[in-house]
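In what follows, a single structure is set out as structure tokens and then discussed.
Naming convention: chains lettered A, B, ... in sequence-line order (proteins, then strands); numbering from 1 in each chain.
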Amino acid sequence: MTLSNRYTTTIKPIPPYSFEYTVRKPAGWPWLTPEEVYENGVLWTATRIGASIVGLKLKSTGTLKQPCVICDVFSRERLTKNQRLMIVHRLRRYLDADEDIRGFCQLARKDPILKGVVRRLCGMRDAVSDLFPSLLLATTLQLAPITRSQQMMDLLVKHYGDTVCFDGKRVVLWPSAESIAEASVRDLQRKCKLGYRAKNLKAIAQSLVKGFPDMEELAVMTPEDAKAKLMELRGIGEYSAGIVSPHPEFPADSWSSRIFHILFFGRNTKVPKGVIGKVQQEAERRWGTWKGLAFIYVLNDLRGLSKRFGVDFTSF
DNA sequence: GCGTCCAGGTCTACC
DNA sequence: GGTAGACCTGGACGC
């Protein structure tokens, strides 16, 4: 599909703001969709607006203290006024442009774990993506080492993703909920190696197609209600709901709880699952409402923390 | 090579 | 309400 209509808008996020670290996380996760193109500070990516796909070209023309992002939106048909408003609203959410993180920076500068991290990744934001891609990510992360999760995600994109071309670039999107809802469980198991997760992912996609609150609607709910709503979906438990929820959480799992156990208590644990609650309590005590952002900062600076703590967290 | 174990959770049956 | 066991798959490891 080629997108040739262009609409340009400018976003001015609340400082401090790092466009680069927000859209290209050091940990390597894509911003909106896999196989985004990033060249010389310019990002080409894509998203869905209802049943339509729009291409996005983003470039920072600002600084940490005076951030400014120029966004070119590419579509097949000319965008209506409502669609333009919707895409600007979405872009602000994706870029986390309206969050004031000065309180976090102040806290982090005095925190023994975060002070180096916040200096290295200053202005990085936790982008809130769309609902189905987040659920897809959470489902493939369950009970699998990262290489296996990556394999499942790659195969899902290969067999069910959509490709768009615009501005001379080619971008591949996550599969839509509709395409997974229509796929057979057998195909999802065989082609994408999803195993037992195939039934769950199809059921999730079907729930979304039938009608389920989107990210904007979940964002205006209380954190507890949003989480409870997400946990109504098949195969979405406490941990996955924490990853997906637009409200900042501290979604510790067996992998991250090992890392945080060392950072908090100075020693490794042989029972990472067993210390998840303890680690979450300590995060709440130290970082309070900023625990969600602290979680993102730490996991994106494992290299820096490895040097400082003398433990190779990147090998966990 | 081959068998076994386990991993970045969730659900369900059973007590 | 709490808890053990099953669930796909593939890489790591021991033999």
> Looking at A:Ser257, does any N or O in its side chain come under 4.0 Å of the phosphate oxygens OP1/OP2 on B:dG8?
Replying inline: no
> What integer number of Å spans the P atoms of B:dG8 and C:dC13?
Replying inline: 13 Å
> Does NZ or CZ of A:Lys278 fall inside the cone over A:Phe265's six-membered ring, less than 6.0 Å from its centre and within 45° of the axis?
Replying inline: yes
>> Could you check whether any side-chain heavy atom of A:Phe166 comes within less than 4.5 Å of a side-chain heavy atom of A:Val171, counting everything from C-beta outward?
In response: yes
> What is the distance, rounded to the nearest whole Å, between atom CG of A:Asn200 and atom C1' of C:dC7?
Replying inline: 10 Å
>> At 4.0 Å (heavy atoms only), tell me whether A:Ser256 reaches a base, stays on the sugar-phosphate, or touches nothing.
In response: nothing
> C:dC8 and B:dA13: how far apart are their P atoms, nearest whole angstrom?
Replying inline: 15 Å
> If you measure from the Lys or Arg side-chain nitrogens to the Asp or Glu carboxylate oxygens, is any gap between A:Asp167 and A:Arg6 under 4.0 Å?
Replying inline: yes
> What nucleotide, of C:dG10, C:dC8, B:dT10, holds the atom closest to the side chain of A:Tyr196?
Replying inline: C:dC8
> Going by number, which of residues 124-153 of chain A have a non-hydrogen atom under 4.0 Å from DNA chain C?
Replying inline: A:Leu143, A:Arg148, A:Gln151
>> Between A:Glu238 and A:Lys227, does any NZ, NE, NH1 or NH2 come within less than 4.0 Å of an OD or OE carboxylate oxygen?
In response: yes
> To the nearest angstrom, how far is A:Asn300 atom CG from B:dG8 atom C1'?
Replying inline: 15 Å
>> Tell me the interatomic distance from A:Lys227, atom NZ, to B:dT10, atom P, rounded to whole angstroms.
In response: 10 Å
> Mind checking whether A:Tyr239 and A:Trp255 have ring centres under 6.0 Å apart?
Replying inline: no
>> Does any part of the side chain of A:Tyr17, heavy atoms only, come nearer than 4.5 Å to the side chain of A:Lys12, both counted from C-beta?
In response: no
> How long is the line joining CZ of A:Phe295 and P of B:dG8, in whole Å?
Replying inline: 13 Å
>> Measure CZ/A:Arg197 against C1'/B:dC11 and give the value in whole Å, please.
In response: 14 Å
> With both distances under 3.5 Å as the test, what is the Watson-Crick or G-U wobble partner of B:dG8?
Replying inline: none
>> Distance check needed: B:dA7 C1' versus A:Arg258 CZ, whole Å only.
In response: 11 Å
> Under a 4.0 Å N-O cut-off, is there an ion pair linking A:Arg93 with A:Asp130?
Replying inline: yes
> Does the separation of the ring centres of A:Tyr7 and A:Phe74 fall below 6.0 angstrom?
Replying inline: no
> Within the pair A:Lys273 and B:dG9, is there a side-chain N or O less than 4.0 Å away from OP1 or OP2?
Replying inline: no
>> Taking only the C1' atom of each, what is the distance from B:dC5 to C:dA6 in whole angstrom?
In response: 16 Å
>> Mind checking if A:Ile236 touches a base, just sugar-phosphate, or nothing, with heavy atoms under 4.0 Å?
In response: sugar-phosphate
> For atom P, what is the distance between B:dC6 and C:dG5, given to the nearest Å?
Replying inline: 14 Å
>> Considering every strand and a 4.0 Å limit on heavy-atom distances, what is the contact class for A:Leu233: base, sugar-phosphate, or nothing?
In response: sugar-phosphate
> Taking atom C1' of B:dA7 as reference, at what distance in whole Å does atom CG of A:Leu194 sit?
Replying inline: 16 Å
> Once you round it to whole Å, what is the distance between C1' of C:dT9 and CG of A:Asp154?
Replying inline: 15 Å
